[in-house]
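This is a predicted model, so every value here is computed, not measured.
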Amino acid sequence: MKLRLISVLYNNHKDIAPFLDSCMELIEVPTEIVFWDNAHDKETVEQYLANNKKFPFPVHVFSENKNLGFGAAVNKAISQKTDFTLDLS
């Protein structure tokens with residue numbers, strides 16, 4: 001069983017590091033994290049992962065060149081199959 005956490009990003013780069021730090025501290029089940037970047041924060045996630053090479057979960061960042069809007073971005077992020085999905089936006 002695998003849990004997928006999804007979060008839509010748009011102008012919330014200051015929240016990414018605390019979010020990922022909390023995931024490392026609190027999550028004890030196999031998990032993957034999916035960010036949908038609505039044209040703003042992809043580099044922030046990549047920088048965090050570069051500085052935290054022991055991050056225990058796979059992180060996927062998908063992006064668009066434009067803001068799709070929250071609902072469309074959530075739908076894109078959950079479009080892959082997984083056992084459970086939890087939207088933390």
Side-chain angles (χ1 to χ4, degrees):
M1 181 178 349
K2 185 190 253 183
L3 173 67
R4 173 184 288 163
L5 303 179
I6 64 169
S7 184
V8 175
L9 304 175
Y10 186 80
N11 279 341
N12 55 342
H13 56 275
K14 68 183 183 322
D15 301 323
I16 294 169
F19 170 78
L20 291 171
D21 288 342
S22 294
C23 290
M24 270 197 302
E25 292 175 23
L26 301 173
I27 297 173
E28 297 179 2
V29 298
T31 302
E32 71 176 350
I33 299 171
V34 175
F35 288 108
W36 190 271
D37 172 30
N38 265 337
H40 268 95
D41 298 306
K42 183 177 182 178
E43 294 81 20
T44 305
V45 174
E46 291 169 349
Q47 182 180 18
Y48 177 92
L49 294 173
N51 293 331
N52 294 280
K53 296 200 183 294
K54 293 185 179 181
F55 192 76
F57 309 115
V59 176
H60 309 283
V61 182
F62 299 99
S63 62
E64 289 284 335
N65 293 328
K66 64 180 181 173
N67 183 351
L68 297 178
F70 178 76
V74 168
N75 287 337
K76 289 251 188 183
I78 64 173
S79 64
Q80 300 176 30
K81 291 183 179 180
T82 190
D83 294 330
F84 297 97
T85 298
L86 178 60
D87 176 10
L88 296 175
S89 297

Could you tell me how the ring of Phe35 sits relative to the ring of Phe19: parallel (under 30°), tilted (30 to 60°) or perpendicular (over 60°)?
-> perpendicular
Compare all side-chain heavy atoms of Leu9 with those of Thr44 and state whether any distance is below 4.5 angstrom.
-> no
Under the side-chain contact (heavy atoms from CB on, under 4.5 Å) test, residues paired with Asn52 that sit two or more places apart = Tyr48
Residues two or more places apart in sequence or in another chain: which of them pass side-chain contact (heavy atoms from CB on, under 4.5 Å) with Ile27?
-> Leu5, Cys23, Val29, Thr31, Phe57
With Asp15, which residues qualify under side-chain hydrogen bond (donor to acceptor under 3.5 Å, both in side chains), at least two apart?
-> none
Testing the basics here: between [X] and [Y], what is the closest heavy-atom pair and its distance to 0.1 Å?
X	Y	answer
Met24	Pro56	CG-CD, 3.3 Å
Trp36	Ala73	CD1-CB, 3.3 Å
Tyr10	Asn12	N-OD1, 3.0 Å

Quick one: pull up NZ in Lys76 and CD1 in Ile6 and give me the separation to the nearest 0.5 Å.
-> 13.5 Å
Just how far is it from atom CG of Asp37 to atom CG of Asn65, taken to the nearest 0.5 Å?
-> 9.5 Å
Asn67 (side chain) donor-acceptor with Asn38 (main chain) under 3.5 angstrom | no
